[in-house]
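To find a chain, count down the sequence lines: A is the first, B the second, and so on, and within it residues start at 1. Computed from a predicted structure; not experimentally measured.
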Amino acid sequence: MERPRHQGMVKNTSMRWRLPLVCLLWEVAMIVLFGVFVRFSPEADAHWEKEKQEMNLTSDMENDFYFRYPSFQDVHVMIFVGFGFLMTFLKRYGFGAVGFNFLLAAFGIQWALLMQGWFHSFKSGKILIGVENLINADFCVGSVCIAFGAILGKSSPIQLLVMTLLQVTLFSVNEYILLSLLHVKDAGGSMTIHTFGAYFGLTVTRILYRPNLEQCKDKQGSVYHSDLFAMIGTLYLWMYWPSFNSAVSDHGDAQHRAAINTYCSLAACVLTTMAFSSMLQKKGKLNMVHIQNATLAGGVAVGTSAEMMLPPYGSLIVGFICGIVSTVGYVYLTPFLESKLHIQDTCGIHNLHAMPGLIGGIVGAITAAAATEDVYGKEGFIKTFDFTGSYQTRTASVQGGFQAAGIVVSLLMAFTGGALVG
Amino acid sequence: MERPRHQGMVKNTSMRWRLPLVCLLWEVAMIVLFGVFVRFSPEADAHWEKEKQEMNLTSDMENDFYFRYPSFQDVHVMIFVGFGFLMTFLKRYGFGAVGFNFLLAAFGIQWALLMQGWFHSFKSGKILIGVENLINADFCVGSVCIAFGAILGKSSPIQLLVMTLLQVTLFSVNEYILLSLLHVKDAGGSMTIHTFGAYFGLTVTRILYRPNLEQCKDKQGSVYHSDLFAMIGTLYLWMYWPSFNSAVSDHGDAQHRAAINTYCSLAACVLTTMAFSSMLQKKGKLNMVHIQNATLAGGVAVGTSAEMMLPPYGSLIVGFICGIVSTVGYVYLTPFLESKLHIQDTCGIHNLHAMPGLIGGIVGAITAAAATEDVYGKEGFIKTFDFTGSYQTRTASVQGGFQAAGIVVSLLMAFTGGALVG
Amino acid sequence: MERPRHQGMVKNTSMRWRLPLVCLLWEVAMIVLFGVFVRFSPEADAHWEKEKQEMNLTSDMENDFYFRYPSFQDVHVMIFVGFGFLMTFLKRYGFGAVGFNFLLAAFGIQWALLMQGWFHSFKSGKILIGVENLINADFCVGSVCIAFGAILGKSSPIQLLVMTLLQVTLFSVNEYILLSLLHVKDAGGSMTIHTFGAYFGLTVTRILYRPNLEQCKDKQGSVYHSDLFAMIGTLYLWMYWPSFNSAVSDHGDAQHRAAINTYCSLAACVLTTMAFSSMLQKKGKLNMVHIQNATLAGGVAVGTSAEMMLPPYGSLIVGFICGIVSTVGYVYLTPFLESKLHIQDTCGIHNLHAMPGLIGGIVGAITAAAATEDVYGKEGFIKTFDFTGSYQTRTASVQGGFQAAGIVVSLLMAFTGGALVG
C-alpha cells in the first residue's frame, strides 16, 4: 500500500520526466558498456581454480579478496553511511542528504568502474574487475560526496547527477596523471580524493553563488536528534578511516602501518579539536560542528604518508596540527570565504578536506623525500615506492618532488574542472 | 534504579506469565539439546593444533574462521540492525519492530543451529558447529525476519515465537531438499531465504486477515526521524548484501565473484528505483518507501547466480529489472493484494523479497543451464557446481532443471507451511 | 560559517581555559613520549619484506594484520558507537554521552598504547606497536567507558580526563599482574576489563555521592527516539561481542571457538532477559532498560572462558544465568545500592559489567581447572594455556587457582584505585 509520507526531496512538476529519463538512459548505457568492456579479474573468475595450480598457489587465502574485502566493506560504510549521515546535521536537508548521497554514489560507482578500468585495468580490450576496483570506485565517489558537501541545498538532482558524471571523469584523469604518469604514491587519497574533490566542489559552489540564499534560517526547534544522527556519520568515518587509508596499500606491512598511523593521527586530532573548539567559543562551550567535522581532519592528512615509514609520533604531530587548522578554519575562515569570496561552503569542506588534503600532500612529499634505505630496508624501500622497472633509478628526493608536483596537478585539475562544470 | 519509561510493547495482564514461561522452557530445552548434540567443528576445537600437523597445513590462516568471519559479522549486522531498523519506518511499531526482531532472531538462531546441524553437520551422533553454521543460522533467521515484515503489528509475541519455531523447522527441511536432495546451488538464498520466507509470511498474513485493521492511521506528526532510522536499516542491508551473497560460497574466486556481482546489481537497482519512484508519483516526488525498500531488490535477485559466472553486465540487467518490478509492485500490486486478495503486507515484502526472489531463482536456473566448461574452465566448472561424487555426470542443462525445481519446491513448502502455521 | 546550535556540553566560564590547556599539554606530552618510545612492530615495519624471507614466510597473509584487523574494527565500533550510544537512553545526557565518550576514548587510547607498551611490548628501549596493541588500547579504554557509565552526569570533563588518565594507568598495572605475573588467561577481559572497570567506577561514584542529585527528573516528553538510539548502541555491542572476546585469542581454533561461544551465550541471554523483564514488571510489559543492557551480560560472562574448551551448551548456561542475574539486578539491586549504600549507578553497570564480570572470572577459573589433555589434545592444551617456558609444569587445577586469584587482585585494585581516584 502506498503511504503518503514526509517528502524530503521536493521537485517541481516540470521535472517529472527528467530524472527518470536521465536515470534510465544512463543505466542502459552502463549495461551496454559493461557488456562490451567489463569482465572478471583472474582472481574473481572461475578459471582461477586452474590458474592457482599453474601459479603454484597452495591456498585460496592468496586471493586478493581476503586481503582487501574487510577494508572494502569499511570504506563502503564510510561512503554511504558516513558521508550521508554526516550531512544530516543540517536539519532541513537531513533526509535529502542521505537520499541524494545514496543516488549519487550508486550512480557514480558504475561510471567510476569504467573510467578507472580503462586507465588502470584494461587488458586486451577488456576491463578486468576485482575487489580493488570496487574500493577505487568507492574512493572516486567519495570525492564526489565531498564536493556534494559544498553545494548541498543549492542544486537539483539532475544537476547533481551531471556533476557526478563529470567529476568522476576528471577524477579518473587526475588519478591517472598522478599514479601512472608521475608515479606518485597516494593510497589514502589526500591529493586525489580530498584536495581534488574539495577544491572542485568549492569552485562549483563559487560559481553557483546565490547572494540571498539563507541556508541557516528555518532551523529553530530541536536539532538534538539531528546532532545524534550526524554523530553516527562522524563516528563511522572516524572509526573506519584506518581502513580507508590502508585499503589499497601493498599487502602486508604497508596495510598494517597505514592503519596504525591513521589511528594515531585521528586520536591526536580529537584532542586538539576539543581544545580549540572550547577555547574559541564563548564561555568555553564545545561546538557540535567542530566535533562532527574537525576530528576527522587527521585522517585526511595522513592519507598520502600513512603507508610510508612516517613514525607514529609523526602521525600524532599531523593530527595535532590538523585539529587546530580545521577548527580555526570553521571559526574564522568559513565566514570569511562566504562574505569576501562568495564561497558558500555548506558543510565546511574547506576545513575538513581541502586544507587537511593539502597538508597531507605536503607531509607525503616530505616523508617520501626523507626516505632512506636504512629506515625502510633495501627490499622495503623498493616495495614501498614501487621503484621497479623504469622507476628503478628514481631516488627518494626525486620522488618527493614528484609528490609535490602531484599536489599542484590536483589543484589545477580541480579549479579548471570545477570552473567548467560550474 | 528502575526507570518508568516508554513502553513500546504493550501486553495484557493475562499474558504476564506466558511469555516468560515460553522463553525459559525453550531455553532450558536448548541447553539440554545442545548438551546432547552440539560440539565444536574440528577447526574450532583445541585438537586442531594436532590436526593441522596431520593435514600438513602450514598456516593458521587455513582455518575457515578467516575465510568467513568478516562476512559473518556483516550478515549478523544485516539481521539485527538491517531488518530491525528497516521496519522502524512504521512510526507506531518502531521500537517494537527492533525489539521483537531482536527476540525472534536470538530465539531462532539457536533452533536453527540444531535443525540445520542435524541435516548438514551431523557426524557420529554430534552436530559439529563452526563459523559457517553461525552464518547459516543467521540466514535461516533472516527468512523469519522477512515473514515478520508481513505480519508486523498483527500478532502477539507468543504467536511470533511459535511462528519462528515452525518456520525455522520448515526452512531447514526445504533447505535440505534443495541443497542436499536436488543438489541445487543457492548461496545467497534467493529461493531458500527470500522466496520461501516471503511466501510463507504472505500466506500467514492472508490467514490472519483482519478487515478493520487500520494500520496506517495514527501516523500524523513528524515521521522525519523514523525515516532516517529506517535509512540506517536500508543502507546496512544495501552495503553488506555483497557479504550476504558471498558468505557461504566456495573459498577463493566464488566469494570474490559473488561480492562483485551483488555490488553491481545493487548499484543498478538504485537507479531504476529512483527513476520509477519519481515517474509514478504525483509531481515527480521520490517516495521514501521505495528508496528504503526497492533499492535492495537487486541484492535479492542475484542471490542464486552471484557466485556463478554471471557476468557483471548480467548483474546490472538483473538489478535494472528488479528496481522496476519492485517499485511498480509498491505502487500497484500492494494495494491490489490488500483490496482483492485480502493480503495485508505491512512492509511490502512481496515487492522486496517474493518477486525478486522468484526472479533470482529463475536467473540462477538460466545461468546454471547456460554454463559451459569454456566459460568456467574445467576445474572451475566442477568446483562451482560441485559436480563430484554421485553428481559427476550431471550436465549444466540438467542442473538448470533442478534449479527450476528448487523454485517450485520452495513455493510449495511456503504455501503449505504458511497455511498450516496460520 | 559558524552556526549557533544546541549545546549539549555546558561548562562555566571559569573553565574556559582549563579544558584546552589540559588537552593541548597532554597531546604535546604524548608526542614527546611517542617520539622517544614508540616504533612499529616488525610486522608493521618496512623491514618486514626482508624478515619474511629470513623467516621463510611464503605469504603476506601471515602478517598478524590479517588475523586481527577485522576484529579490531568491530571492537573499535563497540567502544565508540556501542558504549557511546548505549548511554543515549538518558535523554538529558544524550549528546554529552556520545561526545564525552569520544573525547575520553581518544584521550585514553594514546596513554594506553604507552602504558601497555611498557609492560608488554618493550624491546631494547622501544615500544613496538602493531594491530594487537591497538586492540588492547581499545580494550583498556573500554574499561574507562564502563566506569564512565556509573558517574555519567556527575562530573566535569576535566575530572573525567583525570579519571581516564589514572584508570588507564591502574588498568595496565592490574593487567600486567594478571597476564604476566599470575599467567592468567583473560582474552575477553571478564576480570581485567569488566570486573575492574565496573568496581572502579562504582567506588568512584560512591565517593562522589550527592544526596540531592535527581538524575531522573526532567525526562518527561517523548524519549522514543532516545530508545532507538540506545538500541543502536546495544545491538552493535551485542553483534560484535564475539569479535571482542576473540580479538586477541591465539590464531586459529581459539579465535574460532571464542566467537562461537560468545554467540551462543548472548543468544541465551536475550531469552532469559526478556522472560524476567516481563515477569518482574507490572502487567508483563517489557522494560526497555533491561533489553538495552541485560541482553549483553552473556557476552561479559564468557569473556575469560570463551577461548577455552567451554562447550556450546556451557555458554548457553552462562548466558541463561546472566540474563536472570542482570535483570534481577536492575529491578532490585540498583535501587538498593542507591538507597542503602549511596551508590548512584547511572547506567546500572553493576548489573551489566560487575556481576557478569565476576561470574565470568569464576566460570573461567572452573573451566581452566577442569581442563584435561583428553579434551584439548596434548598440543591444544599447551597452546591454549600457554604452558611453555617456566610454566611448562603448571597443571590445570593450579591454573584454576591462579585464575581465581586474578579475580581477587582485580577487585582489590578496583576498590583501592577507585578510592584513591575518587
Side-chain angles (χ1 to χ4, degrees), chain A residues 59 61-62 66-67 70 74 216 222-225 227-228 231-232 235 238-240 243 251-253 255-257 259-260 263 267-268 270-272 274-276 278-279 283-289 291 295 309 311-313 316-317 320 330-331 334-335 338 375-381 383-384, chain C residues 1-3 5-13 15-17 19-20 23-24 26-27 30-31 34-35 38-40 43-50 52 59-61 63-66 69-70 73 76-77 80-81 84 88 94-95 98-99 102-103 106-107 109-110 129-131 134 225 229 232:
Chain A
S59 167
M61 260 295 158
E62 294 301 310
Y66 302 103
F67 286 94
D74 294 349
C216 294
S222 168
V223 289
Y224 180 79
H225 283 123
D227 271 333
L228 275 180
M231 274 308 281
I232 294 177
L235 287 173
W238 194 89
M239 295 181 301
Y240 286 168
S243 302
H251 295 172
D253 58 284
Q255 280 197 292
H256 202 152
R257 193 162 56 243
I260 295 171
Y263 178 93
V270 174
L271 274 278
T272 50
M274 298 270 187
F276 271 73
S278 168
M279 204 158 72
K283 299 183 190 166
K285 287 178 184 178
L286 290 169
N287 185 310
M288 301 297 112
V289 173
I291 298 176
T295 50
M309 283 293 283
Y313 72 88
L316 291 186
I317 294 172
F320 188 93
Y330 274 99
V331 177
T334 306
E338 178 152 13
V375 171
Y376 288 73
K378 194 166 183 298
E379 295 82 353
F381 184 69
K383 195 185 172 196
T384 302
Chain C
M1 177 198 27
E2 190 184 351
R3 274 163 298 245
R5 315 247 317 276
H6 163 86
Q7 303 287 346
M9 311 174 181
V10 184
K11 273 168 240 74
N12 59 53
T13 320
M15 294 212 16
R16 176 153 189 189
W17 290 102
L19 183 65
C23 287
L24 291 177
W26 178 257
E27 198 50 53
M30 286 296 102
I31 290 173
F34 268 58
V38 179
R39 297 293 178 273
F40 293 114
E43 302 189 29
D45 192 289
H47 283 93
W48 196 60
E49 198 56 30
K50 195 176 179 191
K52 248 187 347 185
S59 168
D60 282 317
M61 260 294 158
N63 196 305
D64 198 37
F65 181 76
Y66 301 103
Y69 190 72
Q73 274 299 358
H76 217 38
V77 171
F80 289 88
V81 164
T88 57
F95 193 88
V98 176
F102 192 19
L103 174 59
F107 179 86
I109 52 180
Q110 300 176 56
I129 63 171
V131 67
L134 306 190
H225 283 122
F229 278 116
I232 293 177

Against chain C, label A/Gln255 side chain, backbone, both or neither, depending on which of its atoms sit under 4.5 Å from a heavy atom there. both
So which part of A/Ile317 gets closer than 4.5 Å to some heavy atom of chain C, the side chain, the backbone, both or neither? both
When the 4.5 angstrom heavy-atom criterion is applied to C/Glu43 and chain A, the contacting part is both
Contacts of C/Asp45 meeting side chain to side chain contact (heavy atoms under 4.5 Å, CB included) (sequence neighbours excluded), chain-then-number -> A/Met309, C/Phe40, C/His47
Can you tell which of A/Pro70, A/Pro312, A/Ala259, A/Gly377 has the highest number of heavy-atom pairs within less than 4.5 Å of chain C? A/Pro312
Side chain to side chain contact (heavy atoms under 4.5 Å, CB included) with A/Lys378: which residues, sequence neighbours excluded? A/Glu373
Let's test your reading of the structure: which of C/Ala44, C/Ala106, C/Gly130 forms the most heavy-atom pairs below 4.5 Å with chain A? C/Ala44
Part of C/Phe107 within contact of chain A (heavy atom distance under 4.5 Å): both
Scored by heavy-atom pairs under 4.5 Å with chain A, the best of C/Leu103, C/Ile129, C/Asp64, C/Val38 is C/Leu103
Check whether any side-chain heavy atom of C/Asp60 lies under 4.5 Å from a side-chain heavy atom of C/Phe65, and answer yes or no. no
Based on non-hydrogen pairs under 4.5 Å, which of A/Phe381, A/Tyr263, A/Phe276 is most in contact with chain C? A/Tyr263
State, with a plain yes or no, whether a side-chain heavy atom of A/Thr384 is found less than 4.5 Å away from one of A/Arg257. yes
When the 4.5 angstrom heavy-atom criterion is applied to A/Ser59 and chain C, the contacting part is neither
When rounded to the nearest 0.5 Å, the distance separating CG of A/Leu235 from OG1 of A/Thr295 is 8.0 Å
For A/Trp238 and C/Phe80, take the angle between the two ring planes, folded into 0 to 90°, and tell me which bin it lands in: parallel under 30, tilted 30 to 60, perpendicular over 60. tilted
Measuring heavy-atom distances to chain C, does A/Phe320 have an atom under 4.5 Å in its side chain, in its backbone, in both, or in neither? side chain
Can you tell me which of A/Met231, A/Met239, A/Lys383 forms the most heavy-atom pairs within a distance under 4.5 Å of chain C? A/Met239
Testing the basics here: between C/Val131 and A/His256, what is the closest heavy-atom pair and its distance to 0.1 Å? N-NE2, 2.9 Å
With no hydrogens and no angle check, is any side-chain donor or acceptor of C/Tyr66 less than 3.5 Å from a backbone partner on A/His251? no
Checking C/Asn63 against chain A: side chain, backbone, both or neither under 4.5 Å from a heavy atom? side chain
